[in-house]
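Worksheet: one structure, shown below.
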There are 2 protein chains.
Amino acid sequence: MAPFEVIAEPTRRQMLDLLRVRERPVGELVDVLTISQPTASKHLRVLRDAGMVESRIEAQRRIYRICPGPLREIDAWLAPYRRMWSERLDDLERHLETMQDLPE
Amino acid sequence: MAPFEVIAEPTRRQMLDLLRVRERPVGELVDVLTISQPTASKHLRVLRDAGMVESRIEAQRRIYRICPGPLREIDAWLAPYRRMWSERLDDLERHLETMQDLPE
DNA sequence: GCAGAATATGCCTCAACGAGCATATGCCTG
DNA sequence: CAGGCATATGCTCGTTGAGGCATATTCTGC
C-alpha cells in the first residue's frame, strides 16, 4: 500500500503520532485509541508492510516503534506546494510594506 | 472529503502537480493524463469541494487553478516527523565527526 | 505440559470509491 | 435557433478497505 493511502486512515495517523513520542506495545495503542485489538493489529500490519513501523518482541508483548523514512515521499511531494505558501507570504509582506509606505 | 483522502488518489495528485505549474482547462488535463473526460470532471469536483482548486469560466471552457491552502493541514501533521529526520541527520553528522576523531 | 496473557490472522459484511457509459447542461457560432 | 463544443452529472458495476467476531499462535510461569 502506498504511503499516501496508508496515512489516509485517521487511526493509522493517530498510531504514528503515538509512536512518534515513544515506542509502545499493541495493548497500549488499543487502550489509548479505544479500538479493538484485531483492528489495531491490522492497522499495524499495514504500517509495518509500508515500512513505517518496526516491532520488537519482549516477552509476550510486541513493542512497536516508528520508522519515519517512508513519510519522506509525502514530504517530497509536498515540498513545491510549501514553496507556494512562502511566496504568498512574501506577497503579503510586500503588501503590508506598501500599506506602510502609502497609508490610505 | 478530508485532505488526506483527497491526495491519496494518484490522478488527483497529478492534477494538482499540473495545476501547480499553471492554470489549465479540463480538456488539457484530460489530454495530458490520458483519462476520460467524466473521470477528470469527477476528480476536479472532489478537489474543488476540498478547496484545493478553483474554476473560472472562459467561453465554454472552465479554467482550473490551484488553491494550496488545505495542503497545509497535511504539512502541519508532517512537521514533527520532518524534525525527526533532521535529528537523525544530526546523529549521522555527529557519528561521522566521531569517525574522523577516532579513525579505526 | 497447561492455563492464561498478548497478539495475529481468517472470514464475513458493509460502505465507499473509482471507472465506464449515457446523458444533461451551458455557451458560442453561423 | 440549430448544431456543435466543453464540461458536468447520474447510474451501474466491480473492487477495495475497514470493522466485528471467532480462532490460531506464541510466549510465560507454574
Side-chain angles (χ1 to χ4, degrees), chain A residues 1-19 22-67 70-71 73-74 77, chain B residues 1-19 22-67 70-71 73-74 77:
Chain A
M1 193 176 248
F4 285 94
E5 301 167 26
V6 173
I7 67 158
E9 227 289 326
T11 304
R12 285 196 288 261
R13 285 200 303 277
Q14 291 181 321
M15 283 179 150
L16 290 176
D17 287 339
L18 288 170
L19 295 178
R22 64 167 177 278
E23 57 179 21
R24 306 180 196 246
V26 179
E28 189 174 335
L29 297 172
V30 168
D31 291 345
V32 176
L33 301 177
T34 53
I35 56 181
S36 80
Q37 176 269 314
T39 293
S41 280
K42 286 172 195 169
H43 282 308
L44 287 169
R45 177 91 141 97
V46 173
L47 290 169
R48 192 168 2 111
D49 289 349
M52 296 181 183
V53 301
E54 281 177 355
S55 74
R56 162 172 59 95
I57 295 181
E58 188 166 291
Q60 320 93 322
R61 300 222 174 85
R62 311 239 172 154
I63 315 292
Y64 280 82
R65 69 166 165 282
I66 200 165
C67 305
L71 293 178
E73 179 179 336
I74 298 167
W77 180 81
Chain B
M1 191 177 250
F4 285 95
E5 300 166 27
V6 173
I7 67 157
E9 227 291 325
T11 304
R12 286 196 288 261
R13 287 199 303 278
Q14 291 181 321
M15 284 178 150
L16 291 176
D17 287 338
L18 288 170
L19 296 176
R22 64 167 177 279
E23 57 178 21
R24 307 180 196 246
V26 179
E28 189 174 335
L29 297 173
V30 168
D31 291 344
V32 176
L33 301 177
T34 53
I35 56 181
S36 81
Q37 175 270 314
T39 294
S41 281
K42 286 172 196 169
H43 282 308
L44 287 169
R45 177 90 141 97
V46 174
L47 289 169
R48 190 166 5 109
D49 288 348
M52 296 181 184
V53 301
E54 281 177 356
S55 74
R56 161 173 60 96
I57 295 180
E58 188 166 293
Q60 320 92 324
R61 299 221 174 85
R62 312 238 170 154
I63 315 291
Y64 279 82
R65 69 167 165 283
I66 200 164
C67 306
L71 293 178
E73 179 180 336
I74 298 167
W77 179 79

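Throughout, protein chains are lettered first and strands after them, A, B, ... in sequence-line order, and every chain is numbered starting at 1. Every value quoted in this text rests on a predicted model; they were computed, and no experiment measured them.
Considering CD of Gln37(A) and CG of Leu44(A), their distance stands at 10.0 Å, rounded to 0.5 Å.
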Atom pairs, N/O to N/O, protein against nucleotides 17-21 of chain D, distance under 3.5 Å?
residue, atom, partner, partner atom, Å
dA18(D), OP1, Arg12(A), NH1, 3.3
dA18(D), OP1, Arg12(A), NH2, 2.7
dG19(D), OP2, His43(A), NE2, 2.7
dG20(D), O6, Lys42(A), NZ, 2.2

Summarise protein proximity over nucleotides 24-30 of chain D in one line of letters, 5' to 3': B for base, S for sugar-phosphate only, - for none, counting protein heavy atoms closer than 4.0 Å. ---BS--
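Counting only heavy atoms from C-beta outward, the side chains of Thr39(B) and His43(B) approach each other to under 4.5 Å. For the pair Ile35(A) and Gln14(A), the minimum side-chain heavy-atom distance is 4.5 Å or more. Two residues are said to be in side-chain contact when any heavy atoms from C-beta on lie closer than 4.5 Å; Trp77(A) and Leu71(B) meet this criterion.
Phe4(B) and Ala8(A) make their closest contact through O-CB, 3.9 Å (heavy atoms, listed as atom of the first residue, atom of the second, distance).
For Arg48(A), the salt bridge (charged side-chain N to carboxylate O under 4.0 Å, His left out) criterion is met by no residue, not counting sequence neighbours. Not counting sequence neighbours, the partners of Asp49(B) by the salt bridge (charged side-chain N to carboxylate O under 4.0 Å, His left out) test are Arg45(B). Taking Glu28(B) as the reference, Arg22(B), Arg24(B), Pro25(B), Val32(B) meet the side-chain contact (heavy atoms from CB on, under 4.5 Å) condition, with sequence neighbours excluded.
Between the side chain of Arg65(A) and the backbone N or O of Glu54(A), no donor-acceptor pair lies under 3.5 Å.
If you walk DNA chain C from 5' to 3' and mark each nucleotide with an atom closer than 4.0 Å to a heavy atom of chain B, the marks span dC17(C) to dC28(C).
For the pairing with Glu58(A), the side chain to side chain donor-acceptor pair (under 3.5 Å) check across Gln60(A), Arg56(A), Arg62(A) returns one residue only, Arg56(A).
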